[in-house]
Number of protein chains: 2
Amino acid sequence: MAISTRYSDAIHIMAFIYIYQNTKLSSENIAKSVMTSPVVVRRIMSALQKAALIKTTHGSPNPVLAKDAANITLLDIYLAVENDKPLFTVDHKTNPQCIVGSQIQGILTQHYHEVQSAALGRLERITLQDIIDEIITNYKSGKDD
Amino acid sequence: MAISTRYSDAIHIMAFIYIYQNTKLSSENIAKSVMTSPVVVRRIMSALQKAALIKTTHGSPNPVLAKDAANITLLDIYLAVENDKPLFTVDHKTNPQCIVGSQIQGILTQHYHEVQSAALGRLERITLQDIIDEIITNYKSGKDD
DNA sequence: TATCTTGTAACTTGCTTAGTTACAATTACT
DNA sequence: AGTAATTGTAACTAAGCAAGTTACAAGATA
């Protein structure tokens, strides 16, 4: 199965906190933009907070980014909400008596690791600031989606 | 969620067909190596057959690779069993009234596409022959896993 | 003909995510 | 101080997907 919308929602929330920083940033208001429930938003924000990407205050609706948006990458956000979950899964139950079954796990583990590094390396090159800039630019130029 | 073991099992099956081509390649025997049920093996092989990576005969246990192993990439196998399933999922339910909600889908779609291309591009560089060679080499050098 | 095998459908089970309900702890306003 | 709003988290429900199982018609093989 593909990565859940949790990751996309986390990026959405981070951009929202920046762009709407002068409004009331309650989980309820954020949830209206993400179109989900406030609890789901708080759940994601809890992960972002634990990864030190945002700062929140218990009881008070005023989350802020913990660092400059230019210093937060999409990889940071990915790791915050998905940990280091593999994109590809090795089958760990194969027959050790068989030439293929005994070797395939180790071989695929290595190759998958390389592929995943390539993907995450790309995420690392994109910053939250890039996303925010694109949102503003596209919005001003009247893109509907 | 990550890609299921179906993909790993598909690579396993392809390598098995090559390495054990002089034995009886029934779905039951293949299943013993993958340690799953014959039906699961046949299901995967059905996808590989539809993608023209192997040739099978209804009723007869003699599957063969449809082309040279050096001309089959891990990307071919991936596309055969997972189609073009996205590794990352855009949340398609966001608020169009909101600056962020109205723009984020399109922006993430683009970036995800680039990241996915990077990953699949890596898979394309690895051939089934590479995997087979590594299996044989590691097996001969006595690797347990 | 008799037996084995493939290919596929239908069902069950288990896992993961998203959404919901509930509530204690904290903040903030008056 | 007291009240209302909010966060943070746990527990539960519901939906979606993969994998395993059962069953069986259609084709191969000897």
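Throughout, a chain's letter reflects where its sequence line sits, starting with A, and its residues are numbered from 1.
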Filtered N/O pairs between nucleotides 26-29 of chain C and protein, under 3.5 Å:
| from | atom 1 | to | atom 2 | distance (Å) |
| --- | --- | --- | --- | --- |
| C/dA28 | OP1 | A/Ser60 | OG | 3.2 |

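- Applying the 4.0 Å criterion to OP1 and OP2 of C/dT17, one finds that A/Thr5 has every side-chain N and O outside that range.
- Defined by atom type and a distance below 3.5 Å, a donor-acceptor pair is missing between the side-chain atoms of B/Gln97 and B/Ser102.
- Contact annotation: A/Lys85 side-chain N/O to C/dT17 OP1/OP2 distance is under 4.0 Å.
- Within the structure, a side-chain polar atom (N or O) of B/Lys93 is placed less than 4.0 Å from OP1 or OP2 of C/dG19.
- Identified under the ring-ring contact (aromatic ring centres under 6.0 Å, His included) test for residues 116-135 of chain A, with sequence neighbours left out: none.
- Between A/Ser27 and D/dT7 there is a side-chain N or O to OP1 or OP2 distance below 4.0 Å.
- In this structure, B/Asn83 places its CG atom 10 Å from P of D/dA18, rounding to the nearest Å.
- Rounded to whole Å, atom C1' of D/dG20 lies 13 Å from atom CG of A/Asp91.
- Non-hydrogen atoms lying under 4.0 Å from DNA chain C are contributed by B/Arg42, B/Arg43, B/Ser46, B/Lys50, all within residues 42-51 of chain B.
- Atom OH of A/Tyr7 is separated from atom P of C/dA18 by 15 Å (rounded to the nearest Å).
- Residues A/Ser8 and A/Ile11 fail the side-chain proximity criterion, which asks for heavy atoms closer than 4.5 Å.
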Got a list of side-chain donor-acceptor pairs under 3.5 Å for residues 12-20 of chain A, not counting sequence neighbours?
| from | atom 1 | to | atom 2 | distance (Å) |
| --- | --- | --- | --- | --- |
| A/His12 | NE2 | A/Ser33 | OG | 2.7 |
| A/Tyr20 | OH | B/Ile99 | N | 3.2 |

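- Regarding A/Asp9, its CG atom lies at a distance of 12 Å from the C1' atom of C/dG19, rounded to whole Å.
- Look at NE2 on A/His92: it is 16 Å from C1' on D/dA18, rounded to the nearest Å.
- For B/Glu134, the side-chain hydrogen bond (donor to acceptor under 3.5 Å, both in side chains) partners are A/His111, not counting sequence neighbours.
- Residues passing the side chain to side chain contact (heavy atoms under 4.5 Å, CB included) test with B/Ser117, sequence neighbours excluded: B/His113.
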Considering only distance and modelled atom types, tabulate donor-acceptor pairs under 3.5 Å from the side chains of residues 43-53 of chain B, sequence neighbours left out.
| from | atom 1 | to | atom 2 | distance (Å) |
| --- | --- | --- | --- | --- |
| B/Ser46 | OG | B/Lys50 | NZ | 3.4 |
| B/Gln49 | OE1 | B/Thr56 | N | 3.1 |
| B/Gln49 | OE1 | B/Thr56 | OG1 | 3.1 |

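- For A/Asn22, there are no side chain to side chain contact (heavy atoms under 4.5 Å, CB included) partners two or more places apart in sequence or in a different chain.
- Against DNA chain D, the stretch residues 30-40 of chain B makes heavy-atom approaches under 4.0 Å through B/Thr36, B/Ser37, B/Val39, B/Val40.
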Could you pull out all donor-acceptor pairs under 3.5 Å where a side-chain atom in residues 63-77 of chain A meets a protein atom, sequence neighbours excluded?
| from | atom 1 | to | atom 2 | distance (Å) |
| --- | --- | --- | --- | --- |
| A/Asp68 | OD1 | A/Ala70 | N | 2.9 |
| A/Thr73 | OG1 | A/Leu75 | N | 3.2 |
| A/Thr73 | OG1 | A/Asp76 | N | 3.1 |
| A/Thr73 | OG1 | A/Asp76 | OD2 | 3.3 |
| A/Asp76 | OD2 | A/Thr73 | N | 2.9 |

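- Under the side chain to side chain contact (heavy atoms under 4.5 Å, CB included) criterion, A/Thr57 pairs with A/Ser60, A/Asn62, not counting sequence neighbours.
- When the P atom of C/dT3 is taken as reference, atom NZ of B/Lys24 falls 15 Å away, rounded to whole Å.
- Atom CD in B/Glu28 sits roughly 15 Å away from atom C1' in D/dT22 (whole-Å rounding).
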May I have the list of side-chain donor-acceptor pairs in residues 120-127 of chain B shorter than 3.5 Å, sequence neighbours left out?
| from | atom 1 | to | atom 2 | distance (Å) |
| --- | --- | --- | --- | --- |
| B/Thr127 | OG1 | B/Gln129 | N | 3.3 |
| B/Thr127 | OG1 | B/Asp130 | N | 3.0 |
| B/Thr127 | OG1 | B/Asp130 | OD1 | 3.4 |
| B/Thr127 | OG1 | B/Asp130 | OD2 | 3.2 |

